[in-house]
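Below: the structure, in structure tokens.
In what follows, chains carry the letters A, B, and so on, assigned in the order in which the sequence lines appear, proteins first and then strands, with residues in each chain numbered from 1. Not measured: the values here are computed from a predicted model.
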Protein chains: 2
Amino acid sequence: MVRLCSHPYTAAMSGHPLPLLEGPRPERSDAARNREALLAAARRMVEDNGVESVTMDALAREAGVGKGTVFRRFTSRAGLMAALLNHGEAQFQALVMSGPPPLGPGVEPWERLVAFGRTRLEYNLQAARLIEAAGQPGRRSVAAKSFTTLHVIHLLRELDVRGDVQFLAKALLAPLESVIVEEAVQLEGFAVDRFVAGWQDLARRVIEG
Amino acid sequence: MVRLCSHPYTAAMSGHPLPLLEGPRPERSDAARNREALLAAARRMVEDNGVESVTMDALAREAGVGKGTVFRRFTSRAGLMAALLNHGEAQFQALVMSGPPPLGPGVEPWERLVAFGRTRLEYNLQAARLIEAAGQPGRRSVAAKSFTTLHVIHLLRELDVRGDVQFLAKALLAPLESVIVEEAVQLEGFAVDRFVAGWQDLARRVIEG
DNA sequence: GACCTAAACGGACCATGGTCCGCTTATGTT
DNA sequence: AACATAAGCGGACCATGGTCCGTTTAGGTC
């Protein structure tokens with residue numbers, strides 16, 4: 001039986017005529033098993049003892065694999081953390097795209113934007129440690145970032161905002177970043193509610209401007 | 001001869017009546033010398049081979065001191081980088097407070113704000129590697145951060161902006177952070193000029209809103 | 001100048017992220 | 001079933017940030 005997604009040169013050698021989609025070659029079954037074991041172990045460790053406790057050696061031991069395997073699967077510690085983050089990010093994305101209003105569709109764009117702001121802020125705050133560990137800047141999976149950006153752009157357009165909407169979306173998202181929020185909340189005692197209210201006001205100004 | 005800034009208990013034991021300002025005890029002369037040697041070496045290394053090349057071991061070797069000394073002086077690599085950053089930050093601060101307009105005083109607040117935005121953005125971009133190495137979040141000397149925040153707050157007040165000015169200042173500063181700008185510029189090909197223009201528009205909306 | 005003490009020093013030592021490479025194994029072919 | 005081979009595996013090894021502690025020294029006192 002011909003595997004649907006055999007790799008290019010296998011296909012070529014067997015004379016397969018179709019230019020198959022170039023996905024990354026599928027993982028071997030043992031590899032996939034290890035990936036899952038590692039993710040499960042990592043999640044458990046994060047839950048039990050916090051992000052800090054997830055050492056690459058400890059993780060390997062916990063999952064019963066060699067250290068090399070951890071790195072082959074996730075490239076780096078940051079990569080591993082990004083993988084962990086993905087679950088939450090996907091969930092978030094799903095809520096926005098097809099969850100209940102006001103975050104999900106079915107209500108005025110302005111309400112959705114407000115809901116988005118609060119939710120995103122809370123999410124970023126809650127996942128802060130993971131986000132930080134997932135790596136410096138926007139190394140944070142481009143996909144995740146661009147989803148939020150696109151969503152905000154979309155809402156701004158629906159609200160008839162004129163100007164460089166792409167930039168304005170970024171500008172609205174920037175103060176929601178965990179680094180920024182954490183600094184304000186943890187170090188300066190900004191109450192979360194005040195932050196949310198402030199952001200809402202900011203959004204209003206941007207839209208009405 | 002009595003040193004002006006002797007430490008508390010020395011003063012107490014000698015019956016000194018004045019409650020001297022509690023500064024951190026002054027550094028011993030050798031310590032001060034080493035600090036300077038280290039900073040000089042570090043600056044040289046950054047200039048020559050980039051921030052990455054500044055390894056704590058290499059730095060110690062270069063400055064002709066032990067590794068322990070480096071850490072006693074600067075606590076951590078991030079601390080060292082923050083120290084390096086301070087120079088630039090102080091310069092920036094000086095330019096804003098008493099430099100030539102439009103960044104410095106002597107011109108309408110709006111113009112100053114615009115100048116501030118562009119300058120800060122360029123500064124953050126230029127110092128990005130150092131900023132990143134100087135540590136995660138706002139570990140970046142609280143002083144530096146709060147100066148920019150206070151300045152923006154000040155300008156917003158002069159512009160009669162109503163609302164949570166403290167938050168709005170943060171919101172205006174957030175998109176100028178090196179992490180944000182780098183992501184847009186490096187990864188997404190946003191032109192710096194577009195970014196500057198976008199920020200100006202953002203500021204206008206905030207002020208007029 | 002002898003002496004005292006807190007501070008500073010230096011480099012061995014440790015922990016952790018990341019690389020390397022020789023051995024093992026899944027998987028597809030004959 | 002035997003084989004071929006690329007992918008996967010594991011753990012020794014390296015680099016670098018950070019700690020520790022026995023030794024040295026600045027600088028004040030007598």
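Using a cutoff of 4.0 Å between basic side-chain nitrogens and carboxylate oxygens, B/R129 and B/E52 are scored as salt-bridged. We find that B/E183 and A/K170 are not joined by a salt bridge, their nearest charged nitrogen and carboxylate oxygen being 4.0 Å or further apart. Under 4.0 Å is where a charged nitrogen must lie from a carboxylate oxygen, and between B/D201 and B/R204 at least one such pair does.
The phosphate of C/dA26 has neither OP1 nor OP2 within less than 4.0 Å of any side-chain N or O from A/R33. Checking the phosphate oxygens (OP1, OP2) of C/dA8, no side-chain nitrogen or oxygen of B/T69 falls inside 4.0 Å.
For the pair B/L59 CG and C/dG11 C1', the interatomic distance rounds to 15 Å; values are reported in whole Å. As a whole-Å value, the separation of B/F74 CZ from C/dC9 P is 11 Å.
Of the two residues near DNA chain D, A/N34 and B/S29, the one whose nearest nucleotide lies more 5' is A/N34.
Sparse packing is recorded around CZ of A/R118, with 12 or fewer heavy atoms of other residues, nucleotides or ligands lying under 6.0 Å away.
Shown here are the side chain to side chain donor-acceptor pair (under 3.5 Å) partners of A/R43, two or more places apart in sequence or in another chain: A/H87.
Under the 30°/60° scheme for interplanar angles, the aromatic rings of B/F92 and B/F147 are found to stand perpendicular. Ring-plane geometry between A/F167 and B/F190 is classed as tilted, the angle between the planes lying from 30 to 60 degrees on a 0 to 90 degree scale.
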Expected rows: protein N/O vs nucleotides 17-20 of chain C N/O, under 3.5 Å:
unit_1	atom_1	unit_2	atom_2	d
C/dG17	OP2	A/M56	N	2.9
C/dG17	N7	A/K67	NZ	3.2
C/dG18	OP2	A/R77	N	2.9
C/dG18	N7	A/K67	NZ	3.1
C/dG18	O6	A/K67	NZ	2.5

What's touching nucleotides 22-25 of chain C from the protein side, N or O pairs under 3.5 Å?
unit_1	atom_1	unit_2	atom_2	d
C/dT25	O2	A/R28	NH1	3.3
C/dT25	O2	A/R28	NH2	3.4

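Separating the OG1 atom in B/T55 from the CG atom in B/L59 is a distance of 9.0 Å, to the nearest 0.5 Å.
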